[in-house]
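Note sheet for the following structure.
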Amino acid sequence: MFTIDKIRADFPILKRKVHGKPLVYFDNGATSQTPQVVIDAIVDYYSNYNANIHRGVHTLSQEATDKYEEARIKIQKHFNAKHSYEIILTSGTTESINIVSSGFSSILKKGDEVIVSALEHHSNIVPWQMMCEKTGAVLRVLPMDEDGSLRLDLFDQMLSNKTKLVFCNHVSNALGTINPIEAIIHRAHKFGAYVLVDGAQACPHIKPDVQELDVDFYVASAHKMCGPTGVGILYGKSELLEKLPPYQGGGEMIETVTFEKTTYAGLPHKFEAGTPNICGGIAFGVAIDYMNSIGFENIAKQENELLAYGTEKLLEIEGLKIYGTTRKASVISFNIEGIHPYDIGSILDKLGIAVRTGHHCAQPIMNFYKIPGTVRASFAFYNTKEEIDILVEAVKKAKMMLS
Ligand SMILES: *Cc1c(COP(=O)(O)O)cnc(C)c1O
């Protein structure tokens with residue numbers, strides 16, 4: 001049973017006030033809020049078994065290691081990876097992408113081509129540009145359309161035997177677009193290209209099955225799916241992760257070290273140098289359990305209702321334009337004619353409403369629409385229609401004050 005009052009009670013922060021008004025948290029695309037069970041797991045770790053993992057023979061270290069590795073298995077099951085060692089625990093999406101891009105920096109050659117979608121977050125653009133600079137590979141851009149969808153019709157023409165890698169997000173953080181990654185993966189594979197899907201914005205809404213997708217690399221961050229900051233995953237097919245060189249050298253990632261030669265540990269440890277975010281990894285596992293206990297069908301249903309309702313109500317405001325009108329997740333990116341998004345965001349904050357304003361780390365999308373940025377309201381399953389009513393009234397008020 002999906003009971004919104006019960007769900008909201010799981011999130012202590014939703015009780016707080018901002019500038020004397022009840023918090024309306026619509027910045028879920030930037031980070032989600034944290035349920036009490038996840039907070040409790042963090043407190044439990046530091047109160048009861050804080051210790052370094054994989055090293056000690058003592059009890060605390062063994063408990064921490066067991067919990068950390070249990071979390072990896074939970075994550076593996078959630079994403080349906082074939083093996084738990086295909087789940088690399090990282091500091092988040094950004095680091096996960098950098099592990100892959102830096103690995104391919106020693107594999108790609110001059111003249112190779114890689115394709116990036118026009119809808120990417122900077123963290124799925126910049127690392128690849130750095131890789132191309134090092135290797136001489138050419139970065140090509142799969143264009144987008146006015147409605148915020150990708151020009152899949154142009155994709156086949158761009159693919160060739162030279163194409164080695166394709167990068168695309170599963171859901172766009174700036175517009176909410178749900179990208180046709182199944183088709184992208186399928187077509188890229190026909191040309192022998194590998195595909196990395198940035199799932200940071202999809203995983204709060206969708207439970208991806210990496211085997212069914214047949215995706216080569218899939219990355220996500222815990223903090224967008226009810227978990228803590230500073231932890232995320234890199235899923236990779238084991239044969240590809242084996243091929244990539246390590247990202248960082250240090251403890252944990254070695255088998256033997258002498259001054260003449262070091263041999264690396266196997267997966268996943270090869271990519272996990274140093275002491276990881278142990279507590280974060282464990283709490284990530286708890287967050288995944290929490291989201292599954294709510295159920296992704298229930299999450300989708302609630303969020304789709306909020307999206308439809310919010311879209312309808314906001315569009316009643318004259319001069320308001322929504323960017324991204326194709327099939328999408330619960331994100332509404334909008335502007336009001338003649339008003340800077342930052343000014344709207346500031347007034348909304350005074351009224352207790354948290355939204356994101358600006359380019360959302362996706363400047364190429366803003367350039368496409370020839371705008372400086374947007375106001376982005378992104379909804380989670382713990383949001384309500386009443387909160388959307390508060391937003392709509394506040395936007396009307398902001399419009400009046402600013403025009
Ligand atoms: C948030 C986000 C990122 C970056 O995630 P970090 O947790 O900051 O590393 C990358 N891509 C998309 C689509 C995102 O929404």
Side-chain angles (χ1 to χ4, degrees), residues 25-34 38 75 88-102 116-130 141-142 144 148-150 166-181 184 195-206 208 215 217-235 247-248 271 276-277 280-281 283-284 287-288 303 323-324 326-333 354-366 373-374 376-380:
Y25 188 76
F26 283 159
D27 195 17
N28 297 286
T31 203
S32 55
Q33 291 305 342
T34 317
V38 173
I75 298 165
I88 314 295
L89 287 157
T90 67
S91 69
T93 299
T94 301
E95 186 180 56
S96 301
I97 294 171
N98 276 279
I99 291 174
V100 180
S101 66
S102 99
V116 64
S117 103
L119 289 177
E120 297 313 299
H121 188 285
H122 295 161
S123 71
N124 206 20
I125 302 174
V126 182
W128 307 113
Q129 287 175 322
M130 290 160 65
V141 182
L142 175 62
M144 62 180 281
S149 63
L150 287 172
V166 177
F167 333 110
C168 184
N169 58 38
H170 196 165
V171 167
S172 154
N173 63 301
L175 305 177
T177 308
I178 301 171
N179 286 311
I181 56 163
I184 288 173
V195 181
L196 179 140
V197 172
D198 170 356
Q201 203 64 225
C203 290
H205 315 288
I206 298 168
V215 65
F217 301 100
Y218 195 96
V219 299
S221 294
H223 71 93
K224 292 189 179 167
M225 37 193 311
C226 297
T229 56
V231 63
I233 59 146
L234 161 61
Y235 159 79
Y247 176 56
Q248 290 183 317
F271 295 107
N277 184 350
F284 188 10
I288 282 182
E303 291 176 347
Y323 298 89
T326 181
R327 190 169 78 102
K328 65 179 189 174
S330 49
V331 173
I332 303 182
S333 225
V355 293
R356 184 78 151 201
T357 62
H359 54 60
H360 317 298
C361 297
Q363 281 180 7
I365 300 179
M366 303 302 133
T374 67
R376 182 188 69 183
S378 46
F379 311 129

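Start at 1 and go down the list; that is how both ligands and their atoms are numbered. Below, each value reflects all heavy atoms present in this structure, side chains not excepted, and no hydrogens, waters or symmetry copies.
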Pair Phe217 and Tyr235, ring centroids less than 6.0 Å apart: no

Per-ligand residue contacts, ligand 1, heavy-atom threshold under 4.0 Å: Thr93, Thr94, His121, Ser123, Asn173, Asp198, Ala200, Gln201, Ser221, His223, Lys224

Listed partners of Asn124 passing side-chain hydrogen bond (donor to acceptor under 3.5 Å, both in side chains), at least two apart: Glu120, Trp128

Step-by-step side-chain contact (heavy atoms from CB on, under 4.5 Å) determination, Leu142 to Val166: CA-CA 10 Å; Leu142 175 62; Val166 177; over 6 Å; no

Minimum-distance pair of heavy atoms, taken over all atoms of Gly199 and Tyr218: CA-OH, 3.5 Å

Any residue meeting ring pair (Phe, Tyr, Trp, His ring centres under 6.0 Å) with His359, in chain and number order, not counting sequence neighbours: His122

With sequence neighbours excluded, residues passing side-chain contact (heavy atoms from CB on, under 4.5 Å) with Asn98: Thr94, Ser101, Pro127, Tyr247

